[in-house]
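Read the structure below first, then the notes.
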Amino acid sequence: MILHHRFDGPPDAPVVVLGPSLGTTLDLWEPQLPALTRTWRVLRYDLPGHGGSPAASGFTRGPTVDDLAAGVLALLDRHAVGTVAYAGVSLGGAVGTTLALIAPDRVASLVLCCTSARFGTAESWHERAALVRAEGTKPLAEATRRRWFTAGFPDAERYLDMLRGADPEGYAACCEALAVFDVRDRLGDVRAPALVIAGAEDPATPPEHAEVLARDIPEAESLVVPGAAHLATAERPDVVNEAIRRHLTTRWRTA
Ligand SMILES: O=C(O)CC1=CCC(=O)O1
């Protein structure tokens with residue numbers, strides 16, 4: 001399956017891949033584009049059933065996070081892109097950690113935003129998948145607002161519309177991928193230098209999840225972003241963009 005994707009930025013510049021979270025599209029990363037495309041070529045993709053990617057194509061069962069990482073690798077191969085830096089939010093971060101494990105020579109630098117080595121309980125993800133298959137994604141919007149943003153974030157509707165637009169089967173399949181995702185015992189094998197970012201007020205992947213990533217990935221630095229919940233990239237692009245730029249500039253080994 002080829003995931004829907006797009007490139008922005010200078011064609012000959014080193015490539016930074018940006019991975020979205022459950023319920024969002026590649027537009028999640030719009031607030032980062034001006035800061036990143038000054039220097040890098042940005043490759044963004046949509047998760048299955050989100051944005052422009054079809055819900056169920058090419059998978060005999062629902063995709064695992066390993067399958068999603070293989071999907072990103074297929075994009076790199078298709079466009080003859082060798083080694084990249086990868087930044088991902090939440091499920092997009094899990095894809096990045098997995099990519100760094102299965103293709104260490106292709107990931108030279110990692111930014112893990114509001115993500116985890118293990119997201120909640122399998123039961124809670126199966127419950128959410130069943131709810132969405134029965135009723136669609138719209139009933140999730142209000143609870144999602146409280147996980148994604150601190151109270152009063154003015155731009156919330158723009159992001160919640162991405163959730164409302166997600167295909168229920170694609171969203172449910174991503175929930176099932178999260179249900180079985182667990183790389184806690186493998187973090188020591190991540191070779192890429194990592195920047196781990198947490199939203200100080202994130203109820204979905206609270207800063208303790210980032211602490212585990214930063215503790216167990218051998219070369220990791222961490223940052224807790226004040227005034228941000230789960231979508232810290234959207235709420236505090238000022239802080240996040242500066243941190244990503246600094247990490248990529250100082251820690252991206254190109255040789
Ligand atoms: O539940 C949410 O919306 C938060 C989340 C967990 C994994 C992900 O990608 O988003």
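Every number for a ligand or one of its atoms is a count from 1 in the order of the listing.
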Looking at Glu123, I want to see if its CD is surrounded by more than 12 non-hydrogen atoms of other residues, nucleotides or ligands under 6.0 Å.
no
Measure the CG-OG1 distance between Asp67 and Thr98 for me, rounded to the nearest 0.5 Å.
10.5 Å
Arg44/Glu30 salt bridge by N-O under 4.0 Å criterion
yes
Identify the protein heavy atom lying closest to atom 10 (O) of ligand 1, giving its residue, its atom name and the separation to 0.1 Å.
Ser90 OG, 3.0 Å
Heavy-atom distance under 4.5 Å between the side chains of Arg245 and Thr39, does that happen here?
yes
Does the side chain of Asp8 reach to within under 4.5 Å of the side chain of Arg41, using non-hydrogen atoms?
no
Should the pair His5 and Phe7 be assigned to parallel (<30°), tilted (30 to 60°) or perpendicular (>60°) ring geometry?
perpendicular
Does ligand 1 come near enough to Ser21 that some N or O of the ligand is less than 3.5 Å from an N or O of the residue?
no
Below 4.0 Å, non-hydrogen atoms only: which portion of Trp125 touches ligand 1? Side chain, backbone, both or neither.
side chain
State the atoms of ligand 1, each with its element, that fall below the 4.0 Å cut-off from a heavy-atom position in Leu178.
7 (C)
Taking 4.0 angstrom as the limit and counting only heavy atoms of Leu91, give me the atoms of ligand 1 inside it, by number and element.
8 (C), 9 (O)
for atom 2 (C) of ligand 1, nearest protein heavy atom and its distance come out as Arg147 NE, 3.3 Å
Return yes or no for this condition: an N or O of Ala204 is under 3.5 Å from an N or O of ligand 1.
no
Determine whether the side chain, the backbone, both or neither of Arg128 has a heavy atom under 4.0 Å from any heavy atom of ligand 1.
side chain
Quick one: which ligand 1 atoms are inside 4.0 Å of a heavy atom on Leu22?
8 (C), 9 (O), 10 (O)
Can Arg236 and Glu242 be counted as an ion pair, charged N to O under 4.0 angstrom?
no
Test of proximity, Trp148 against ligand 1: N or O pairs below 3.5 Å:
yes
